[in-house]
Amino acid sequence: MSENKETDCLCFYVNGKKVTENNADPETMLLSYLRERLRLTGTKYGCGGGGCGACTVMVSRYQPGTKTILHYSANACLLPVCQLQGAAVTTVEGIGNTKTRVHPVQERIAKAHGSQCGFCTPGMVMSMYTLLRNKPQPNMEDITVALGGNLCRCTGYRPIVDGCKTFSPESNCCQANGNGAGCCLNGESSPERSENELPPQLFDQEDLLPLDPTQDLIFPPELILMAETEPQVSQLFRGERMVWVSPVSLEELIQLKTSHPQAPLVMGNTNIGPDIKFKGAWHPIIISPTRVQELFEVTKTPQGVCIGAGCSLSVVKALLEGLVQEIPEEKTEIYRSLLQQLGNLGGQQIRNVASIGGNIVSAYPNSDLNPVFAAGNCTLNVVSKRGRQEILLNKDFFVGFGKTSLKPDEIVLSVFIPVSRQGEFMRAFRQAPRKENALATVTTGMRVMFTEGSSVVKELSIYYGGVGPCTVSATKTCAAVIGRKWDEQTLSEAYTQLLDEISLSPSHPGGQVEFRRSLTLSLLFKFNLQMLHKLWEMNVIQEDLSEEMSSGIRPLPKQLQPSLQEFQAVVKGQSGDDPVGRPIMHRSAISQATGEAVYCDDIPKMDGELHIVLVTSTRPHAKILDIDISEALQVPGVVDVITSKDIPGKKFRTFTGIDEDILAQNEVSCVGHMVCAVVADTRKQAKRGAALVKIGYEDLPGPVFTVEEAIEKQSFFLPQRMIERGNVDVAFDKVDHVYEGEIRLGGQEHFYMETQSMVVVPSGEDRELKVYLSCQHPTYTQESIAETLGIPSNRVSCHVKRVGGAFGGKVTKTSIIACITSVAAWKTGRAVRCVLERGEDMLITGARHPVLGKHKVGFMNDGRIMAADLHYYANSGNTADESLLVIEKILLHLDNAYNVPNLRGRSVACKTNLPSNTAFRGFGVPQSMLVTENMINDVAMKLGCNAEEIREINMYKEVSLTHYKFEFDPKNLLRCWDECKEKSDYGSRRKSIAQFNQQNRWKKRGMATIPIKYGIAFSDGFLNQAASLVHIYKDGSVLVSHGGTEMGQGIHTKMQQVASRELHIPASLIHITETNTSAVPNTCPSAASFGTDANGMAVKDACETLYQRLEPVRKQNPEGTWQTWVNSAFIQKISLSATGYYRGHDLHMDWEKQEGRPYAYYTYGACCSEVEVDCLTGDYRTVRTDIVMDIGRSINPSVDIGQIEGAFIQGLGLYTMEELKFSPSGVLYTRGPSQYKIPAVCDIPLQFNVYLLSGSDNPHAIYSSKGIGEPVLFLGSSVFFAIKDAVAAARVEAGMVGPFTLNSPATPERTCLACNTTFTQKIPASKQGSFQPWALNIP
């Protein structure tokens, strides 16, 4: 076809409506098309790279050959609109809404409390909906697989899974409902209990809409007719910079590839798409052969199966699953190995579109499939103008990073996968940073063929991924084994040969060099164990593996178990209309599940609206010589470039007394420092303009990145803090033992699902601005903008409807970005929208403070700790931000639950040339307590006992004073500890773990129980105040405004409950409006777990005022209704509007005297977690977690349990998975979900029990409740210490006892190396200082 012809018309359907696009742009993805062109904003932008699932939609296509309709989930952010010819797209809006009918999937996720901030919910809904369209009665594995490509940062996943499993027949089993006694599977009946005996449930499964397939949208008949009758014709779409060609015949495809050999072939766009978006790749022509039928043909023969290169990985997986069932098992070795890898490769959405051919020719160095294809002697059928040929997939095919031996004009037509022969065995292994949906660290395919009836190796093929620039073959190792018996001596020599053959430079990209090399050995050892077992099964060798050794090939457990959520029922006699204490669904859950909930970037575009893109520094420490914006201004659509010179008012913000430039003026101090901003008609134009801004630098000497460098150069933010009680130095002289240790805790990215977002709208008169944004502290943003523009605060109104997650990350940097956006709106006089891309957000906004903690501890032989000296060095980054407050809170919580008579803590905020770190859920406490608990752990290991014994000995036992002389009663702390041990069956499980570890050499179990004492409220007393505004309208409806922002924590839901109780009316009459600085001024941040405490009291105050005003009216007409009383009050000229105010606690901390009352009260808890660790790979699985929390009397158990579970999983991520990695020059590597792994569905504890402590009261907060948002995050460390416990058991077998260092997070790399197996011992350590590491060791 001619590439000069006019652009074609694109025809597809969205939610049953026909879409005809005459100007389809190849660079336009479905996500932006849905949101911007069709105004379907339920589909969310989360990462733009297919890694989070927030943009999941269902794509349906008619298959003329089989006359069936194929439904599959896909990431809209990677799906080019040009590929949608003849497709029907269904978004979350298309399956149900509150105006017509909510779909059961939407309802069940909402009613099961699976939606908190709600930003991820539409994606979750669409993944589950697609599963149900294909399989109306899924099993639990189907559900977890379907949700595997979706991330959630709020819920902890358990309620999402619980809502989805109501569709599974398995959910009706007694065991699935937590009732093992009298199980139906055993033919028994469950013991009947009266209604009063049943514990309260979070939601009622009987109150759910049934799944009714007749309500689903039908596939458009027009598309069936088109597919059946209209001839397929090639299509061409011409965009601003690219041409997209979609051929329909193989001949045309060959011709196109001959004419344009450099043009990429795009099938699923999972490789080219991210390269264009994130790496700036550009292709003038793209060829998309998705309609070339020859690429999708499958041919089965007795010798194997030939699969078209265009087949998606999901299709390949289904095909291989069918073949495994059809043909004899001995012929399916390669098929089963491929299936094992396919099960973990990407999320379901990626597998549904990524093609097998694309996966092969992408030639990623850590490809999961290529080592299997290569080891399995698979072949490619390749076609070009020169004809067809077969190419063996072997070491000669992979020639470098992303390169193969294919010529530019050659096209992979299919891949042939042979059946396995008699005596031939194959296995595949992988190790990845996350159990599923993560690129592998090391992956391998191993195939052996034995001489018939013997253990002599006839053929051996071993390929690895992740240990070189491409898939590599262990050719020499294989040659050394072939012809010899498969036994320990042969394999022992093979390990030595392999170590020599596959070596990595200490600076190898991706780092983890020792770990990768160790994995090459341990994965071969796993293969060895499996083959020894096979040879025994074949009666070739006499002895099978011992139980102890067979643990090396037994997989980690993965089956989810029934979980419990136990809470108090409301008090006897409480009115049925009073919602306080009941598990009320999040008030916006349904609208979040239907996509109707409006987030900041969902606000419709205003007339003349502009977009802004920030330009950041590429140097860590340099003077700015000049900023050349001339080329940027030449880009079509670019309106202006904003620099610090454009700021009319204050050019800086002051945090904790230290100034921070809004835009860099003379100097940059980190990579990611904001320098200027480009304003344009569209985001694409602004982005192109930003790329053309030229900044001249003069590097300054000696950038500081680590805390050691900061200590050496005395680079600190002042003041440093110190607190002490008793006499630590004297006490050290009187103890039996003194031990010193340290631990490093890495940072943590907030990874709120909604990135920083705002729209600033100038009114055009009186210098007024309306600011719509996603933030935790609208008043601070209001003040910041006013000072930046040099106008009074009364001209700026900030509006926050809801926040798609925040966790402390939407306070300081949000205000600065809002100031920059406001300057742009001020200067241009037009509305300006700023929505950061995920990579920009992660680069600019900072993270949790990495901390180096050092301890010196003095203790007695009986375990009593008499003295402790702790030092905390926090890597604050390039500006102070809230770091000084963080290091104060670190010291205030260093005692955790322990009464150490002589205790000293010192903390310092290190000034470095990394992006400034900021507040994060817990605000220093997770770092502080980890150091303390690690100290406890070291004491236990020195004394040879369990850490829990040391914890119990040293806990506060009676009314006590903290180290800052605050008196408290630890009764409920001890109750939580005791109940946690009881509920978790700690004693008997400890014995079972010891027995397990004795019987298993390569798998170890560990358990840890961790307490917490967490101070609630702001230590600066003025931040504890709150206000509200409540209106009653003449129809009886009530409108409530308050100062808290709804970010998923359920504050609006709780305020609705408070108003309902105080006004004695149903919650349905009450609406909570947006947080608005014009309605409630001078608000305090929604933080410190104090939002409900403060705002609840303010709402209560206003409602009490109104209810008292109505008292005379009620007395006049005691038989009246709420509506008649309100009308009468209006007639009698009684005000139906009231403000509420709560003064808050007068808290303070005097650092000179080292005493004060910085907290209103404590939230207590305890958590017991058990893990199983694979010592050979470092992988682990959390087998069970039991949490007991004292949260007083819960206002809403479903919301509070959701906060507990979500915080725990976030803590699990902090302590075991999430790693921020910086280059040696201070560049953040980890800028999205493909590099930075947060917990997914696969990471939740297999059994996850939460118990709210009964009989607890709290006189210091509303309705005797307690703050719960932050405390539980630290309890995620129970998994860290359980891993350390398991590692300690492994080290004993290596002859190593006593304390050892395991830094956080306890990633598979750190865990594996700490286990110190025979294979890790073989790896020579690189000499420090002799090379430049790939990544910095932060802190």
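Not measured: the values here are computed from a predicted model. FYI, the numbering just counts along the sequence from 1.
Between the OG1 atom in Thr475 and the CD1 atom in Ile502 there is a gap of 9.0 Å [rounded to 0.5 Å]. Rounded to the nearest 0.5 angstrom, Asn370 CG and Asn394 CG are separated by 11.5 Å. Note that CD1 of Ile360 is 10.5 Å distant from OG1 of Thr471, once rounded to the nearest 0.5 Å. Here Asp142 contributes atom CG and Glu170 contributes atom CD; the two are 8.5 Å apart, rounded to the nearest 0.5 Å. From Thr1318, atom OG1 reaches atom CD of Glu1293 across 11.0 Å, with rounding to the nearest 0.5 Å. Taken to the nearest 0.5 Å, the CD1 atom of Ile356 stands 7.0 Å off from the CG atom of Leu338.
Although no hydrogens or angles enter the test, the distance criterion places no donor-acceptor pair under 3.5 Å between the side chain of Ser73 and the main chain of Thr130. Side-chain N or O atoms of Asn997 include one that pairs as donor or acceptor with a backbone N or O of Arg1005 at under 3.5 Å. Side chain of Glu1170 to backbone of Val1183: no donor-acceptor contact under 3.5 angstrom is found. Side-chain atoms of Lys1003 come within 3.5 Å of backbone atoms of Arg554 as a donor-acceptor pair (strictly under, hydrogens ignored). Side-chain atoms of Thr332 never come within 3.5 Å of backbone atoms of Tyr335 as a donor-acceptor pair (strictly under, hydrogens ignored). Listed for the Thr490 side chain is no donor-acceptor partner under 3.5 Å among the backbone atoms of Trp486. Ser168 places a side-chain N or O within donor-acceptor distance of the main-chain N or O of Pro138, the cut-off being under 3.5 Å. Looking at Glu333, its side chain never comes within 3.5 Å of a backbone N or O of Ser420 through a donor-acceptor pair. For the pair Lys1004 (side chain) and Asn1000 (backbone), a donor-acceptor distance under 3.5 Å is present. Judged by distance alone, the side chain of Arg517 and the main-chain N or O of Leu499 form a donor-acceptor pair under 3.5 Å.
Here the closest non-hydrogen pair linking Ala1290 and Cys1315 is CB-SG, 3.9 Å. Taking all atoms of both residues into account, the shortest heavy-atom contact from Asn271 to Ser362 is ND2-OG, 3.1 Å. The shortest non-hydrogen separation linking Ala374 to Ser461 is O-OG, 4.2 Å. When all heavy atoms are compared, the tightest approach of Glu1172 to Leu556 is O-CD2, 3.6 Å. Between Asn344 and Lys435, the shortest heavy-atom contact is OD1-O, 3.7 Å. The shortest heavy-atom contact between Gly53 and Asn75 is CA-OD1, 3.9 Å.
For the residue pair Gln431/Thr1177, the side-chain donor-acceptor check at 3.5 Å is not satisfied. Remark: the Thr443 side chain and the Asn366 side chain contain no N/O donor-acceptor pair separated by less than 3.5 Å. Side-chain contact check for Asn150 and Gln349: at least one donor-acceptor pair (N or O, by modelled atom type) lies under 3.5 Å.
Within the 4.5 Å cutoff, side-chain heavy atoms of Ser518 are placed close to those of Cys1312. Put simply, the side chain of Leu393 reaches to within 4.5 Å of the side chain of Phe398, judged on heavy atoms. Thr441 is not listed as a side-chain neighbour of Pro1308, based on a closest heavy-atom distance of 4.5 Å or more. Phe397 places a side-chain heavy atom less than 4.5 Å from the side chain of Leu406. Here the side chains of Leu1176 and Phe1319 are in contact, with some heavy-atom distance below 4.5 Å. Proximity of Arg484 to Glu493: side-chain heavy atoms (C-beta onward) are separated by under 4.5 Å at one or more points. In this structure, the side chains of Gln348 and Thr56 stay at 4.5 Å or more apart for every pair of heavy atoms. For the pair Ser550/His533, no side-chain contact is recorded, criterion being any heavy-atom separation below 4.5 Å from C-beta on.
Ion pairing between Lys1237 and Asp1243 fails under the 4.0 Å rule for side-chain N and carboxylate O.
Other residues, nucleotides and ligands contribute only 12 or fewer heavy atoms inside 6.0 Å of the CD atom of Gln422. Counted within 6.0 Å of CD on Glu543, heavy atoms from surrounding residues, nucleotides or ligands total 12 or fewer; the atom is thus considered open. In Gln999, the CD atom is crowded: over 12 heavy atoms of neighbouring residues, nucleotides or ligands sit closer than 6.0 Å. Within a 6.0 Å radius of CD in Glu330, more than 12 heavy atoms belonging to other residues, nucleotides or ligands are found. Within 6.0 Å of atom CD in Glu452, 12 or fewer heavy atoms from other residues, nucleotides or ligands are found, so the atom counts as exposed in its surroundings. Around the NZ atom of Lys558, the shell of radius 6.0 Å holds no more than 12 heavy atoms that belong to other residues, nucleotides or ligands. Within 6.0 Å of atom NZ in Lys331, 12 or fewer heavy atoms from other residues, nucleotides or ligands are found, so the atom counts as exposed in its surroundings.
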Quick one, Tyr72 with Ser314, criterion side-chain hydrogen bond (donor to acceptor under 3.5 Å, both in side chains). Give me CA distance, side-chain angles, the key distance, then yes/no. CA-CA 9 Å; Tyr72 60 91; Ser314 290; over 6 Å; no
Applying side chain to side chain contact (heavy atoms under 4.5 Å, CB included), run through Gln561 and Arg1184 and close with a yes or a no. CA-CA 9 Å; Gln561 302 296 319; Arg1184 177 173 168 179; over 6 Å; no
Run the numbers on Leu491 and Met531 for side chain to side chain contact (heavy atoms under 4.5 Å, CB included), then give the verdict. CA-CA 11 Å; Leu491 268 295; Met531 292 307 99; over 6 Å; no
Could you give me the CA-CA distance, side-chain angles and deciding distance for Arg447 and Glu459, then say whether salt bridge (charged side-chain N to carboxylate O under 4.0 Å, His left out) is met? CA-CA 8 Å; Arg447 179 183 59 85; Glu459 295 178 19; 2.8 Å; yes
Would Glu321 and Lys317 count as a side chain to side chain contact (heavy atoms under 4.5 Å, CB included) if you check the C-alpha gap in whole Å, the side-chain angles of each, and the deciding distance to 0.1 Å? CA-CA 6 Å; Glu321 286 170 342; Lys317 185 169 179 280; 3.1 Å; yes
Before giving the answer on side-chain hydrogen bond (donor to acceptor under 3.5 Å, both in side chains), spell out for Ser312 and Asn352 the whole-Å C-alpha distance, their side-chain angles and the decisive distance to 0.1 Å. CA-CA 6 Å; Ser312 73; Asn352 287 339; 5.7 Å; no
Trace of the side chain to side chain contact (heavy atoms under 4.5 Å, CB included) decision for Met128 with Phe167: CA-CA 10 Å; Met128 189 62 198; Phe167 293 103; 3.9 Å; yes
Between Glu1309 and Arg516, does a salt bridge (charged side-chain N to carboxylate O under 4.0 Å, His left out) hold up when you go through it step by step? CA-CA 8 Å; Glu1309 175 192 15; Arg516 291 170 193 258; over 6 Å; no
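Taking the six-membered ring where tryptophan is involved, the planes of Phe429 and Phe527 are perpendicular, since the angle between them exceeds 60° and thus also 30°. The aromatic rings of Trp1002 and Phe525 sit perpendicular to each other, their planes meeting at more than 60°, with 30° as the lower class boundary.
Cation-pi check for Lys485 over Phe450 is not met; the charged atom does not lie both under 6.0 angstrom from the ring centroid and within 45 degrees of its normal. Cation-pi geometry between Arg158 and Phe1248 is not met at under 6.0 angstrom from the ring centre and within 45 degrees of the axis.
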